[in-house]
Number of protein chains: 2
Amino acid sequence: MLKGTNQEVGRPHNRRIVLETIRQHGPLPRVEIARRIGLTTQTVSTITSELHERGFVALRPGVPKGRGFPAPSLEINPDGGYACGVYVTPRGLEAGLINLSGKVLARKAVSAPQMSADTAFAHIGAMVREMVADCPRERFIGAGMAMPGPFDIESMSFVGPTTMEGWRGVDVGDRLQKAVGYPAFVEVDSAAAAHCERLYGVGEELFNFYYLYMGVGLGGCVIYDGQVIRGAWGNAGEIGHVPLVPDGDPCPCGNHGCLERYLSLEAYARRTPVIGEAGWLEETAPLLRSAIVTIENLFDPETIVLGGLAPVELRLKLLALTADLPNSLAARQDRQHPRVILSRCGTDAVLRGAASLAITQVFSPRLPAPPRAAGDLFAKAGRARIE
Amino acid sequence: MLKGTNQEVGRPHNRRIVLETIRQHGPLPRVEIARRIGLTTQTVSTITSELHERGFVALRPGVPKGRGFPAPSLEINPDGGYACGVYVTPRGLEAGLINLSGKVLARKAVSAPQMSADTAFAHIGAMVREMVADCPRERFIGAGMAMPGPFDIESMSFVGPTTMEGWRGVDVGDRLQKAVGYPAFVEVDSAAAAHCERLYGVGEELFNFYYLYMGVGLGGCVIYDGQVIRGAWGNAGEIGHVPLVPDGDPCPCGNHGCLERYLSLEAYARRTPVIGEAGWLEETAPLLRSAIVTIENLFDPETIVLGGLAPVELRLKLLALTADLPNSLAARQDRQHPRVILSRCGTDAVLRGAASLAITQVFSPRLPAPPRAAGDLFAKAGRARIE
DNA sequence: CTATTTACTCAGATCGTTTGACTTAATCGC
DNA sequence: GCGATTAAGTCAAACGATCTGAGTAAATAG
């Protein structure tokens, strides 16, 4: 569980830190990177020359700004690497190729309801191979795949509108790995979308937020300290099955009054023909507000990001319903952001998030927290070897 | 935000890892520690000799077990360090001295309703000084303090049964630091209790759980990967204010139907005179079950730990109500633990948790996650310096 | 045109971890 | 019983990533 560190661990870690800092805040001169990550310019220089050599970062010539050497800036080289993202749903497959900047360069899709796992992985293998062929082979990093959650919970995974039939007991990670032949990773769709938002959306400013994913069902994901909180088995975030309405609508999960029976695209599609969109919004508003209060009181996020498959227009209407929220611990004086905001990543969030999983896993810091200087018992003598 | 690592950071980190491994799994021989944390025996030897020198660990002579050198084991020296915990409530103060094993050695209390901050910190300063006097001065590590949450939320902190009057705008951390003159830390009571459970209770086996704290109000805390998840402002865990009953009882927080209006010692005290304990249990059961389903679906923990100030007898009765739980993603086949279990730490949980904050902050690993070997792009060349 | 400032680089020093040989203390097998 | 084997631990030298301090390049200030 707990692991020690040595130079062999430290170097890759620092490399990831440097690259992630450049990715998130670049273009940056070396001194500035060094200042941020707490290492010397020399070290950053060594690391960045390696990253440059490998083509992951590009050097932008320095522009004179006052006295002194005009510092060249480092930025991500978008074409330094590519990754594939696959989104598997009960309606079919979507796949995309992204570059290091998270831009979608190519896209493929297979439409077929309730694909079997065998068929799906055959398609996935083929799609990924085609996409890899479109980019420099040695620059392909890996693939990520997203699916509606939860995984491996028979009583929940295989019923309801987000059901994947015939996928019972399939070792998805292993199958993906074998199908693509590159490093492969799997994530629940809402977590993948949250990951995208963290990397390419609001995550540029926010390190702690809750991502509410309004898809066919309703999912969510906490980003805490910049990290996706996945739960013990990677299934955290099934906010759609929070029982907010006692004795409410029966849900395929077996309970009654689950939130996603009211707040989800499935609910929208089911209700609007009956009562119209305005009626649905009115009916859903109190539940949305309750959901927000629940999230705020449980997670204390900086903000809640409203994302998912739902079209922007609809999400804007939902956002409007949150103008007048009930009290919660989010009602603090010194808020930097509204309590609810819109996602900045488009409908490709899941795809890009899934693909960037591979990039993150291969590159990014699973960070060592800096030991705080809080009464260090080893302050001085710690440096001397004990005889 | 992201920090690099070097030898200066690495050594203290490894020291913490070694100590934490010994604390949690000791007594252990050096080889075994090395195996667990992924460093060499030599390094562990160097570090442990330092820890031994400083009196934090004790050496237990090796007992012959089969061939080879009989390995001496290392274990925590309980008297290697002491810390103070303070629990501040609207009813008064409780303070305690614990040793490195988390045992409560001394205890003090001041009973006085709605103490002002000035009075409280005067008392706290005095109590801590007395306790420090009872242990070797140089072995005193620091103090931790717990309070009912949430902090700094005017609209919620200062109303209701857990209210602290006259504490508005008080910089608690700073005041505590000044009052005790040692490293000082502050935490919400439920998080402190969860921390205690992590260190000295179920945390010995579980790294991912949700701690439900049934006190005057109702709080909770996620332990994820062995770490307390505190939220953006340290207030995560206000599960008591999840609105589970639409149009339910009005709550001092301003909303209606908050969970803690039904499930808390305050609710128990208010309702049992009217309908008796059995009546209360019956009335509360569906809400408790809903709360559990909510937690499970949002956090996907290994288990939920039922703790808090509520007496064991009452918690046992509540536990009995969870024998037949609704479906959730926790209903998996391969569960290692029941969905709900009782806390193993007694009523001192908050006190011990608060005190051990100081120990943890000074010693324990805020861990660097080991970079997984997933398609390392720098696999070989990473070791060679680039010219 | 010189002095100053700033970013960067080179080469050597530093220091925690690793490596490999050695020591110690137990059991196994003849 | 006694040498061979096994296992944990220690010593001293090697390793290697980062740091340190001197040196270089390119701008501005005066």
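Note that this is a predicted model, so its numbers are computed, not measured.
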Quiz item: Checking Arg137(B) against Tyr82(B): charged group under 6.0 Å from the ring centre and within 45 degrees of the axis?
Solution: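 Because its charged atom misses either the 6.0 Å distance or the 45° angle limit, Arg137(B) does not stack over Tyr82(B).
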Self-check item: Row check, Phe209(B) ring normal vs Arg198(B) NZ/CZ: under 6.0 Å, within 45°
Solution: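 So Arg198(B) doesn't make the cation-pi contact.
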Separation of [X] atom [atom1] from [N] atom [atom2], in whole Å?
| X | N | atom1 | atom2 | value |
| --- | --- | --- | --- | --- |
| Glu50(B) | dG16(C) | CD | C1' | 11 Å |
| Leu28(A) | dT6(C) | CG | C1' | 17 Å |
| Glu32(B) | dA7(D) | CD | P | 14 Å |
| Ile33(B) | dA7(D) | CD1 | P | 19 Å |
| His52(A) | dT9(C) | NE2 | C1' | 16 Å |
| His13(B) | dT17(C) | NE2 | P | 10 Å |
| Arg30(A) | dT9(C) | CZ | P | 4 Å |
| Arg35(B) | dG9(D) | CZ | P | 13 Å |

Quiz item: Is a side-chain N or O of Tyr224(A) found less than 3.5 angstrom from the main chain of Phe207(A), in a donor-acceptor match?
Solution: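 Checking the backbone N and O of Phe207(A) against the side chain of Tyr224(A), no donor-acceptor pair under 3.5 Å is found.
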Quiz item: Okay, side chain of Glu302(B), backbone of Asn208(B): is any donor-acceptor separation there less than 3.5 Å?
Solution: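 Side chain of Glu302(B) to backbone of Asn208(B): a pair is present.
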Self-check item: Check ion pair Arg54(B)-Glu138(B) (N to O, under 4.0 angstrom)
Solution: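 No.
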Self-check item: Lys/Arg-Asp/Glu bridge criterion (N-O < 4.0 Å) met for Arg11(A), Glu50(A)
Solution: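 So Arg11(A) pairs with Glu50(A) through a salt bridge.
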Quiz item: Just one of Thr46(A), Thr41(A), Thr40(A) clears the side chain to side chain donor-acceptor pair (under 3.5 Å) bar with Thr43(A), so which one?
Solution: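 Output: one option passes, namely Thr40(A).
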Practice problem: Verify the contact: side-chain N or O of Arg11(A) to OP1 or OP2 of dT18(D), cut-off strictly under 4.0 Å; return yes or no. | Solution: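 So the side chain of Arg11(A) is within the cut-off, an N or O lying under 4.0 Å from OP1 or OP2 of dT18(D).
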Practice problem: Check whether any side-chain nitrogen or oxygen of Asn14(A) sits under 4.0 Å from OP1 or OP2 of dT18(D), and answer yes or no. | Solution: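 So the side chain of Asn14(A) is within the cut-off, an N or O lying under 4.0 Å from OP1 or OP2 of dT18(D).
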Quiz item: Where the side chain of Ile47(B) is defined as all heavy atoms beyond and including C-beta, which of dC8(C), dG9(D), dT17(C) is the nearest nucleotide?
Solution: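 The nucleotide sitting nearest to the side chain is dT17(C).
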Self-check item: Reading 5' to 3' through nucleotides 18-30 of chain C, protein heavy-atom contacts under 4.0 Å coded B for base, S for sugar-phosphate only, - for none
Solution: BB----BBBBS--
